[in-house]
S.K.: 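One structure, as structure tokens, below. Some questions next.
Throughout, numbering of the chain's residues begins at 1 and tracks the sequence. The analysis underlying the following values was restricted to heavy atoms, covering all of them including side chains, and did not include hydrogens, waters or symmetry mates.
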Amino acid sequence: MTWLPLLVLAWLERHPALLVFAFGYLAVVLVPINFGWGVHWGGRWHDAPMLIIGGGVLLLGSAGFGLAHRLRRPR
């Protein structure tokens, strides 16, 4: 459910890039992307691939927004 706060934040900030990122992240979360990983893993480990992929998308998004902010800042 981490996509909902992203959508609310994008709406409150009225930031188009954040809105695009929020919808992209929503697509990643809703589409079951696992490349066959974790299919036969026992216990609670079958959720690990989606957590890694979702966390990676959030990490790359935060790095991208940080880089954009750094490049936009006047010197």
Side-chain angles (χ1 to χ4, degrees):
M1 273 302 270
T2 56
W3 55 270
L4 187 59
L6 277 175
L7 287 177
V8 170
L9 181 65
W11 177 70
L12 288 174
E13 293 288 330
R14 290 177 175 57
H15 196 284
L18 184 58
L19 184 65
V20 169
F21 176 74
F23 278 118
Y25 180 70
L26 176 63
V28 168
V29 170
L30 291 181
V31 175
I33 305 170
N34 63 7
F35 304 112
W37 301 336
V39 174
H40 302 293
W41 296 357
R44 292 177 275 179
W45 286 101
H46 66 278
D47 291 331
M50 280 305 293
L51 291 173
I52 292 170
I53 292 170
V57 168
L58 287 176
L59 185 64
L60 289 175
S62 66
F65 278 109
L67 182 63
H69 178 70
R70 188 173 190 166
L71 293 175
R72 191 176 42 194
R73 189 176 350 149
R75 295 177 186 215

S.K.: Are I53 and L30 in one and the same hydrophobic cluster, where Ile, Leu, Val, Met, Phe, Trp and Tyr link if side-chain heavy atoms are under 4.5 Å apart?
M.R.: yes
S.K.: Taking L51 as the starting point, is it possible to reach L59 by hopping between hydrophobic residues whose side chains are less than 4.5 Å apart?
M.R.: no
S.K.: Do the side chains of L58 and L6 get nearer than 4.5 Å, heavy atoms only?
M.R.: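 L6 vs L58: side chains touch.
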S.K.: Could you identify which residues cluster with W11, counting Ile, Leu, Val, Met, Phe, Trp and Tyr as linked when any side-chain heavy atoms lie under 4.5 Å apart, either directly or through a chain of such contacts?
M.R.: V8, L12
S.K.: Would L9 and V29 show up in the same hydrophobic cluster when neighbours are defined by side-chain heavy atoms closer than 4.5 Å?
M.R.: yes
S.K.: Can you list, pair by pair, the side-chain donor-acceptor contacts under 3.5 Å of residues 16-26, counting residues two or more places apart and other chains?
M.R.:
{"residue": "Y25", "atom": "OH", "partner": "T2", "partner atom": "OG1", "Å": "2.9"}

